Amino acid sequence: MRKFALTAMAAAFALTALAGTGAKAAGDAPVPPSQDWSWDGLFGTYDRAQLQRGFQVYKNVCAGCHSLRFIAFRNLQGIGFNEDQIKAIAADYEIEDGPNDDGDMFTRPGKPSDYFPSPFANEKAAAASNGGAIPPDLSLMNKARVAGPDYVFGLLTGYEEEAPEGFDLSEGKHYNHYFPGHQISMAPPLYDEAVEYTDGTPMTMEQHARDVVAFLNWTAQPELEARKSMGLKVILFLIVLTAMLYAVKRKIWRDVEH
Amino acid sequence: MSAPVWNNKVVKWVDDRLPIISMLHHSAYEYPTPKNLSYMWNFGSLAGFVLVTMILSGIFLVMNYTPHTSMAFESVERIMRDVNYGWLIRYIHMNGASMFFIAVFIHIFRGLYYGSYKAPREMLWWIGILILLAMMATAFMGYVLPWGQMSFWGATVITNLFSAFPVIGDPLVTWLWGGFSVDNPTLNRFFSLHYLMPFVILGLVVLHVWALHSVRSNNPTGVEIKTPQDSIPFHPYYTIKDLFGLGVFLIFFSAFVFFAPDFLGHPDNYIPANPLVTPPHIVPEWYFLPFYAILRSIDFTIFGIPAKLLGVLAMFASIVILFVIPWLDTSKVRSSKFRPVYKWFFWLFVIDTFVLGYCGAKAPDDYFMGIEGLKVIVMGQLSTLYYFVHFLVVMPLVGKLERPKPLPASISESVLKEGANA
Amino acid sequence: MSQTVQSSGDHNPDENRRDFLTLATTAVGVVGTGMALWPFVDSMNPSKDVLALASVEVNLSNIPVGQAIKVMWRGKPVFIRHRTEREINEAEEVALNELVDPQADDARVEKKEWLIVVGVCTHLGCIPMGTATGEARGDYDGWYCPCHGSHYDTSGRIRRGPAPKNLEVPTYTFLTDTSVRIG
């Protein structure tokens, strides 16, 4: 038994070490500092009020350039909106539909089953409006970067007004601590009171960033809460079952010299 | 092993016509198993369990997956977001691939330590290597299916390996792709083969178990079963031991699925494939890292053979060499337990594979573990060298020169002795 | 593999003691295996995006009296018939005891002139004929299913043939006089 535990631990440790080295093959930018997030840890969950504030930031700031193509209005139920609120939010958007009976495309107010429309008609249009850089879709951003939430938070809050001495900043680019290569096309998107909160939360640039990162973590991992709560139950069950199996094993092997 | 007599009429009727029940009875019930197997012998059945889990979760994923470049990424996201328990099934499948390799690697190292490849188990060992090769092909093609950045660039880099072969290289790669780059035809054929391969693996597993049951299990002493006292029936002794091991393994598996589902993956694969942009660091999945390190280590030319071709040959050789180790190992003793010198080389080899894995994960020009002056590429080359030296030099020489410790007369004797010492 | 703890069988008398511990472990294992299979089964049920697309809006202003259209709803055709005075009367005047699946016409329509039914034969799922002008409408002026010869009347009720039930009426609401939302 002791040997087995040692073997298992050694295997787990070695694996972790190995995988860790893969994950840390980062670029030449500094590693963004680790933040405390409400969904961290075994029992971490989302804070619905924060997700809604984050949605507000996305809608008023990010949505001008960044799509959110894997999220439908109906999904907003997951951040605590009810059906009527979702209908109202959806109706604020113009959705292209069609063709109608005359064969033409037309726009109509959004429905809960519609997805968030992209701010640009296509990638070329996106590139043309943004000096050649295509603003990436944000649905999966928190999963698509190493240490996603910390990185996105670092990026949003990591702008410098002036590039450091001797740094050759290209025309139309901005200096950012955490962006690989430090030259980013996106202008600093957030500032104090960029969005008006109604729940009394301080409207600092940092708070806006924190909230929108929370929202983007939900868009990337909407299953997180269900996953963790199921995980706890499954593992508890397995511990009980495994203990019972061990007892049966002891009983069966009792009389065998091995 | 006399044929059992069946009391149940239906069972008897079936068994008289197709002795499948007798066969199962022989192989999963009364199969005489050495009574001294350690928990290291659990990993074969665990690998079998993961194979079944992978096939099951895979079948359900396919019900919602679309193998087309314009929809593959989207259909995977639909599985994650809209399909009932889709996230669970996908995370089981994703992490299951890693679990499969963990179980199989431990299984292989166990075989290497206890000399399970030595006569008369050569066929058993060969089939095992074929399973490993089939698994690697399956895992590689499966990783392409979500059509993320790592899928696309992994596919591009790995298929380009074949371009290293002179003359046939380029036409071969074009043929693999079904075009002039990794594109929709490539995705479609990988999907087709990814669905086929697990059943090939399953067939190989049947052969593997068949071979096992005809030569019997090896055991920690490496001494064959001699008397009935040396063995116990598989059921209930090893069924329950395997089930207990499965319980522990499932806890480990679940920890990944539920609490760190993307830990073993790469973030870039959540960016849709883009043929115009290569991610700055292309790293294969962890289970390919040692082989990847061997591939990359060869950055020099020998006898006019270009480095690219040598690298590919070295990588393939690192697995093919396993086929001949039953003859490279000259020792009369199976188990390293009784081989005071070889034992150390074995652990050196284990460490070597981990070092290779580390090197595979790092950029070639990084410093190894941050040690100034020791580049990853150099460390990779040294480890690659030892990898082959271990099989080609250490195994034959140590086998000849070493004086093994005295072997126990039988399994029972060794069990009694250990019991007395404890 | 994933088998649960088996009883020791009938052949080995030494192992016939099925004590409480083994039984309890077997039970827990079986329950666990069953629960582990449920997500796979449930993954085959309609997914969230499929459920979300369960309604469709139709503009009725282009359908002249006496004609019908087909629209797609949940992957199936829905027949919308602008009934004539005569068709309405036919539907209303039938005595309920003559019907295979008795149902009054006013229980099947919201507005008399508009008959809205799911266009799938209740026998084995073919699409009955009779929607497009000139198609055979069967002996009761409604629809006729060519697969096995079921005749439906002007209220979409089964009158003759193997189909057991009337054409299904989907849930729908009139948004205005000339537009309806199905689902």
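Treat the numbers as computed from the prediction; the structure is a model and nothing was measured. Order of the sequence lines fixes the chain letters, A, B, ..., with proteins taken first and strands second; residue numbering starts at 1 for each chain. Worth knowing before you read on, the calculation uses all heavy atoms, side chains too, and leaves out hydrogens, waters and symmetry mates.
- Looking at B:R81, the atoms closer than 4.5 Å to chain C (heavy atoms on both sides) all sit in the backbone: N, CA, C or O.
- Within a 6.0 Å sphere centred on CG of C:L96, other residues, nucleotides and ligands contribute more than 12 heavy atoms.
- Separation of atoms CZ (C:F40) and CG (B:N84) is listed at 13.5 Å; rounding is to 0.5 Å.
- For the atom pair CD1 of B:I240 and OG1 of C:T22, the computed distance is 7.5 Å after rounding to the nearest 0.5 Å.
- Of all heavy-atom pairs spanning C:M44 and B:M63, the tightest one is CG-SD, 3.6 Å.
- Chosen from C:A52, C:P46, C:P39, the residue pairing most often with chain B at heavy-atom distances under 4.5 Å is C:P39.
- Looking at B:S57, both its backbone and its side chain come within 4.5 Å of chain C, counting heavy atoms on both sides.
- Within the 4.5 angstrom heavy-atom criterion, no atom of B:N8 approaches chain C.
- In this view, C:T133 satisfies the side chain to side chain donor-acceptor pair (under 3.5 Å) rule with no residue, not counting sequence neighbours.
- For NZ of C:K111, the number of neighbouring non-hydrogen atoms (other residues, nucleotides, ligands) closer than 6.0 Å is greater than 12.
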